[in-house]
Structures are given as C-alpha cells and as structure tokens.
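So the structure is just underneath, and the comments pick up after that.
For reference, positions follow the sequence shown, starting with 1. Read the numbers this way: they start at 1 and go in the same order the structure lists the ligands and their atoms. The figures here come from the full heavy-atom set of this structure, side chains too, leaving out hydrogens, waters and symmetry mates.
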Amino acid sequence: MTISGAAKLAGVAGWPIGHSLSPALHGYWIAEYGLDAAYVPLAIAPEGFADAFKALPKLGFRGLNVTLPHKEAAFRLVDARDDAAEATGAVNTIVFEGVRALGRNTDVFGFAESLREAGVASLASTAVVVLGAGGAARGVVAALFSLGASHVHLVNRTAEKAEALAAHFGARIIVHRWAALPKLLSTAGLLVNTTSLGMVGQPPLEIDLKPMRHGVVADIVYRPLETPLLAQASKQGLKAIDGLEMLIHQARPGFAAWFGVEPTLTASLRGHLVSILEGRR
Ligand code: ATR
C-alpha cells in the first residue's frame with residue numbers, strides 16, 4: 001500500500017512501543033478502507049513527551065494514541081478533555097484541531113463496548129467485582145458506571161491504592177479485602193481483572209471461580225489471549241471476554257476522528273491480530 005504527499009498521519013506514542021498492536025490494527029483498517037493514510041509507532045521517552053506533543057501537529061499529524069507511560073502527561077498537556085478523560089485523569093487519544101489538542105479517554109468506550117458486544121446491555125441489577133486499582137482500573141470503573149452499575153466492589157492487594165480509587169470515584173466504590181473474594185463472587189454477575197496478573201512474564205492470578213454461578217468474566221490482559229482466569233471461566237460455563245476486544249474497540253473513535261471512516265471490528269481483523277499475538281506473523 002503506497003501513500004501520497006497528502007496522506008493523513010497519526011500514530012501511537014509510548015515508551016517502549018515495540019510491542020504495541022496499534023500500528024497493525026490501524027494499518028489493517030487503512031488498507032481495508034483503501035485510505036491515503038499512515039499510522040506509525042512513536043518511541044518517545046518520558047522526558048521528551050512534551051516537546052513531541054508540541055511538534056507533532058506542526059509535522060502534520062492529525063492526532064495520536066498515547067500509551068504507557070504518557071497517559072497522565074497527555075491529560076495535563078491537552079487544551080480540552082472529554083468526560084471520560086476527566087473521569088479517569090488519563091488521556092489515550094488526542095485529536096489535533098488547528099492549534100488546539102482535544103484529549104479523550106477511549107479506553108472507557110472500548111471496555112463498555114466489549115461488554116455490550118458480549119450482550120451486557122445494562123449493569124443496573126448486576127453485582128460487579130473489579131480486581132486491581134491502577135490506571136487500567138480507572139477506565140474500567142468509569143465504563144462500568146456508564147453501563148449503569150450502581151456500585152463496584154473493588155479488591156486490590158494494596159489497600160491504600162484501592163482507597164485512592166474510591167476517593168476519586170466516591171461512595172459508589174466499595175473496597176474489600178482479597179479474602180472477601182469467595183463471598184463476593186457468590187453473588188457477582190460480572191468479574192473484571194484489571195491487574196497485570198496472568199500476563200506473560202507475571203505471576204498467575206490465583207482465584208477460584210467456583211463460587212461464581214453465572215455471568216461474565218472479563219480480563220483486560222491479552223498476552224496470552226486466553227488467560228488462566230478466562231480458561232477457568234469458560235470451563236465452568238461463564239462467559240469470557242478477552243482483552244483484545246477492548247483494545248480493538250478503544251481504537252475506533254480515534255481512527256474515525258483522524259481518518260474520517262467509522263471502522264468496524266470484524267472476525268478477519270481479530271484473526272489478523274490473534275496471529276500476530278501468537279507469533280504467526
Ligand atoms: P495499570 O496502569 O496497567 O493498571 P498499575 O497502575 O501499575 O498498572 O496497576 C497494576 C495493578 O495490578 C495494581 O492494582 C496492582 O496492585 P497494587 O496496587 O497492590 O500494586 C496489581 N498487581 C500487580 N502485581 C500484583 C501482584 N503480584 N499481586 C497482586 N496485585 C498485583
């Protein structure tokens with residue numbers, strides 16, 4: 001696929017960036033829709049992010065995705081923020097409009113959309129349990145409230161971090177100790193892992209899902225695609241949602257804003273990304 005001198009430009013800024021799936025994801029859509037556009041990886045060290053942020057619109061970039069460790073810096077640097085960015089204190093998608101930079105957090109949309117696609121339309125009468133209280137947990141919790149959850153039961157190794165997240169979102173977050181999980185799971189309709197446990201190179205997430213009788217288990221980890229948690233969920237008849245779904249859905253709003261096409265998640269796109277994750281490409 002060739003591009004012209006008028007090609008629309010966007011990219012993903014992170015440090016490191018070599019393992020990002022976003023260039024493959026956006027590149028797939030650019031080819032699918034036959035666009036004159038390019039989406040490139042941008043390896044930007046933390047100390048260089050503010051300079052790069054200023055330079056990129058001058059280089060003609062329409063915007064960018066922002067991943068670790070730049071999401072909070074992006075939040076501070078943009079000129080305006082959407083509700084999801086305000087709710088999470090983090091920006092993962094930037095749209096340059098003239099001299100202004102609009103900051104969005106599409107992780108919130110991405111996670112909510114992965115649940116909707118799995119048939120979860122409303123959480124108004126569902127008991128929800130979230131594991132973890134880091135940056136990823138903030139996006140997930142905001143998404144759960146956007147789907148009508150009245151409360152979120154939060155479990156985290158470090159109590160102070162759980163309390164900090166509860167202070168951010170208010171009384172709708174109920175903090176529990178790890179030991180409370182079996183009881184919580186016995187009434188839960190949705191469990192979400194936002195910790196890094198279960199990821200390649202990290203310790204396993206050791207939870208017994210047996211007390212959970214029905215509902216959905218979602219993992220934001222996607223390396224491996226089927227984490228031991230999701231394998232356990234499927235084995236006992238619970239619906240499992242992997243982290244690749246969220247990753248693909250969070251990319252949609254940025255692509256639409258920069259390139260002018262609303263992209264869709266197809267089985268062939270998912271297959272393409274799965275083959276990359278599995279080292280077949
Ligand atoms: P992210 O932005 O991806 O959420 P993070 O802010 O570093 O990353 O948060 C990582 C989450 O995984 C935290 O909830 C962390 O628990 P702590 O708050 O106790 O650190 C959780 N986590 C990471 N390693 C863990 C481990 N070995 N056991 C339990 N929880 C772990």
Would you check if there is a donor-acceptor pair between the side chains of S22 and N65 at a distance under 3.5 Å? no
Please determine if W178 has a nitrogen or oxygen closer than 3.5 Å to a nitrogen or oxygen of ligand 1. no
Which of parallel (below 30°), tilted (30 to 60°) and perpendicular (above 60°) describes H249 and F109? perpendicular
Say whether Q202, considering both its backbone and side-chain N or O atoms, lies within less than 3.5 Å of an N or O atom on ligand 1. no
Atom 23 (C) of ligand 1 touched by protein heavy atom at under 4.0 Å: yes
Looking only at distances, please establish whether an N/O atom of ligand 1 is found under 3.5 Å from an N/O atom of G135. yes
Parallel, tilted or perpendicular: which fits the ring planes of F259 and F255, with parallel below 30° and perpendicular above 60°? perpendicular
Do E97 and R62 sit within salt-bridge range, that is, some charged N less than 4.0 Å from a carboxylate O? no
Pairwise distance NE2(H70) to CD1(I17) - rounded to 0.5 angstrom: 7.5 Å
List the closest protein heavy-atom neighbour of atom 17 (P) of ligand 1: residue, atom name, distance to the nearest 0.1 Å. T158 OG1, 3.4 Å
For atom 5 (P) of ligand 1, what's the nearest protein heavy-atom neighbour? Residue, atom name and distance, please. G134 CA, 4.0 Å
With R172 as the cation and F145 as the aromatic partner, state whether NZ or CZ is under 6.0 Å from the six-membered ring centre and within 45° of the axis. yes
Polar contact flag, side-chain donor to acceptor under 3.5 angstrom, T195-N193: yes
For ligand 1, is any non-hydrogen atom under 4.0 Å from N156's backbone (N, CA, C, O), its side chain (CB onward), both, or neither? side chain
Could you verify whether a donor N or O on one side chain and an acceptor N or O on the other, from S268 and Y28, lie under 3.5 Å apart? yes
I need the nearest protein heavy-atom contact for atom 26 (C) of ligand 1: residue, atom name and distance, please. R157 NH1, 3.2 Å
Taking every non-hydrogen atom, the tightest pair across A137 and L165: CB-CD1, 3.9 Å
In ligand 1, the atoms that come under 4.0 Å of a heavy atom of S196 are 12 (O), 23 (C), 24 (N)
Region of L197 engaging ligand 1 - heavy atom pairs below 4.0 Å: side chain
Would you say A136 has any N or O atom under 3.5 Å from an N or O of ligand 1, going by distance alone? yes
Taking 4.0 Å as the limit for heavy-atom contacts, which would you say applies to K161 with ligand 1: side chain only, backbone only, both, or neither? side chain
Has ligand 1 got any nitrogen or oxygen that is less than 3.5 angstrom from a nitrogen or oxygen of A133? yes
Gap separating the OG1 atom of T264 from the CG atom of L269, nearest 0.5 angstrom: 8.0 Å
Please could you name the atoms of ligand 1 that G132 approaches to less than 4.0 Å, counting only its heavy atoms? 14 (O)
Does any N or O atom in T195 lie less than 3.5 angstrom from one in ligand 1, N or O only? no
